[in-house]
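Working notes, beginning with the structure itself.
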Amino acid sequence: MDTRRKMIKKGAGIVVDCLMALLLLLQMLHVFTGNTVHEWLGIAFFLCLAVHLILKRHWLAGMLKARGRKGGFAVKLFEGATLALLLAAIALMVSSMDVSRLLFPKVMLFGSADLHRYLATAVLTLSVLHGGLALLRRSRKKKRMLLLLIASVALSAALGLALVPYMDRHYKRVEVGYEQAVSGEKLAWTGKKPLTVYFTRVGNTDFAPDVDAVSGASLLLADGRLMGSGELLADMVQDAVGCDTRAIVLTGEKYPSSYGDTVAVAQRELRRDSRPAIESVDVSEYDEIILIYPLWWGTVPMPVATFLESGDFTGKTIYLIASQGSSGFGASTEAIRALCPGATVREGISVYCDDIPKARDEIGRYLQSILP
Ligand SMILES: Cc1cc2nc3c(=O)[nH]c(=O)nc-3n(C[C@H](O)[C@H](O)[C@H](O)COP(=O)(O)O)c2cc1C
């Protein structure tokens, strides 16, 4: 290979390595960037990794062929770290698809967000070790470089391990002035009023005593009271239309306090097509139902499926209001249609979770559009 091509290859390698380091660090800020950005950055990271592997393919093939027979301790350590990094990166890629809600909603293995985070910590730590050892080989001040490397590896491992238990916490406090959030223009709903039925985590979760809107992702603190998005949306509908409202409430085991664990339980329920037991909700007196639910794994939570199968919806119209973290209606509309085939199911609005406290006007406009 001529010198020019070698230089270009080397330059491309450095750019890709720096990009990967940057992307990995940005990925660790998931609580701030949100899910959509996190998933796309994940794709960018694995594309960079593929380019990195292509650029280093000859070295990699040589290393795998020699299988540690060549070189001293430093070489073996570098090769060992590289191999471990490669395996951790593959495991991270699989776990990314497993917990993805936007790009790979159909992949379901363990559903453990914590496993994904520990793997990310492993990849970060091994990347620092891999990059640091590569620099160490070329460095003239070996002793100083070695100390820096040990400190960086220890820091990335400690940071990752210490942060994992806190990663599903929202570091922003979502405080809502209840009256202001819920009150708005009143609508004259002539004729028989609809029934609003909602499902939300609050009321269906065994929260740890210290959970508040900071620690419980997707929860709101409305005038100091813990509230689910679905309940706030239902109160907005109630304020606009003055209709009856019912909550879907579990009678059996509630969801775990941790957001990550709830995500895993919900995935298991979806995979098994479970029907968790709920308090009965009588819909027989109503012709129209406004159904408010959060998107769970791209579809309705299984307690909502229980509700839809437990009543007779023949001839009724169901209007959907979904709250979500990026999925729109996902596959929920089709799922609801399949669960109550006798009903007319109409997509209403799907509100992004962060926009819920300010959604009163949007809800009002939507209800206006379906006024009898
Ligand atoms: C178990 C679980 C699964 C979720 N799955 C999705 C999803 O697939 N797509 C999405 O956009 N948001 C998803 N979310 C986010 C919720 O839909 C969103 O935070 C919603 O506003 C929560 O409403 P709630 O406070 O009424 O429970 C999920 C949340 C939980 C707890």
Side-chain angles (χ1 to χ4, degrees), residues 30-31 34-40 97-108 110-114 116 168-170 172 174 176 181 196-207 211-213 215-222 225-237 245 247-250 254-272 274 276 290-305 320-333 335 349-359 362-363:
H30 172 232
V31 280
N35 185 57
T36 308
V37 173
H38 185 76
E39 293 203 18
W40 284 112
M97 290 156 73
D98 189 25
V99 291
S100 154
R101 285 185 246 121
L102 180 70
L103 303 174
F104 304 95
K106 297 252 152 61
V107 180
M108 290 180 194
F110 309 105
S112 169
D114 277 350
H116 178 64
D168 60 4
R169 294 178 176 229
H170 271 233
K172 54 186 177 189
V174 190
V176 180
T196 301
V197 180
Y198 70 91
F199 176 78
T200 189
R201 270 178 83 209
V202 180
N204 288 307
T205 300
D206 268 329
F207 283 119
V211 163
D212 63 11
S215 52
S218 99
L219 305 176
L220 312 167
L221 213 56
R225 182 169 79 88
L226 207 56
M227 214 173 181
S229 317
E231 188 181 357
L232 197 69
L233 287 168
D235 287 359
M236 291 178 192
V237 174
T245 303
I248 296 174
V249 181
L250 293 172
K254 302 215 185 282
Y255 290 101
S257 186
S258 142
Y259 184 82
D261 291 346
T262 299
V263 169
V265 171
Q267 187 190 33
R268 226 174 297 135
E269 286 183 351
L270 179 66
R271 209 185 292 154
R272 293 178 187 156
S274 316
I290 297 174
L291 180 61
I292 301 175
Y293 57 93
L295 255 279
W296 277 17
W297 285 101
T299 186
V300 285
M302 290 301 100
V304 175
L320 308 183
I321 298 181
S323 72
Q324 37 83 22
S326 61
S327 302
F329 281 100
S332 65
T333 312
I349 45 178
S350 173
V351 193
Y352 179 61
C353 45
D354 284 0
D355 297 337
I356 288 165
K358 288 180 249 106
E362 197 186 350
I363 295 283

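Note that ligands are numbered from 1 as they come in the structure, with each ligand's atoms numbered from 1 the same way. Numbering of residues begins at 1 and proceeds along the displayed sequence. Only a predicted model underlies this, so the values are computations on that prediction, with no experimental measurement involved.
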Nitrogen or oxygen atoms of C353 and ligand 1 under 3.5 Å apart: no
Heavy-atom side-chain proximity of P303 to N204 below 4.5 angstrom: no
Polar proximity ligand 1 side, V263 side, N/O cut 3.5 Å exclusive: no
For G325, atoms of ligand 1 separated by under 4.0 Å from a heavy atom: 10 (C), 11 (O), 12 (N)
Close-contact set for ligand 1 against G298 heavy atoms, below 4.0 Å: 7 (C), 8 (O)
Gap between atom OG1 of T245 and atom CD1 of I290 - 0.5 Å precision: 8.5 Å
G230: numbered ligand 1 atoms lying under 4.0 Å from its heavy atoms: 26 (O)
Within-cut-off N or O pair, S323 and ligand 1, under 3.5 Å: yes
Residue selection (non-hydrogen contact nearest atom 27 (O) of ligand 1) among Q267, R201, E269: R201
Nitrogen or oxygen atoms of G228 and ligand 1 under 3.5 Å apart: no
Approximate separation, where rounding is to 0.5 Å, of R201 CZ and W296 CH2: 7.0 Å
Numbered atoms and elements of ligand 1 in range of A266, under 4.0 angstrom, heavy atoms: 1 (C)
E231 and T200: CA distance, side-chain angles, deciding distance, side-chain hydrogen bond (donor to acceptor under 3.5 Å, both in side chains) verdict: CA-CA 7 Å; E231 188 181 357; T200 189; over 6 Å; no
Point-to-point distance, once rounded to the nearest 0.5 Å, from OH of Y198 to CG of L232: 10.5 Å
CZ-CG distance between F104 and D98, expressed to the nearest 0.5 angstrom: 11.5 Å
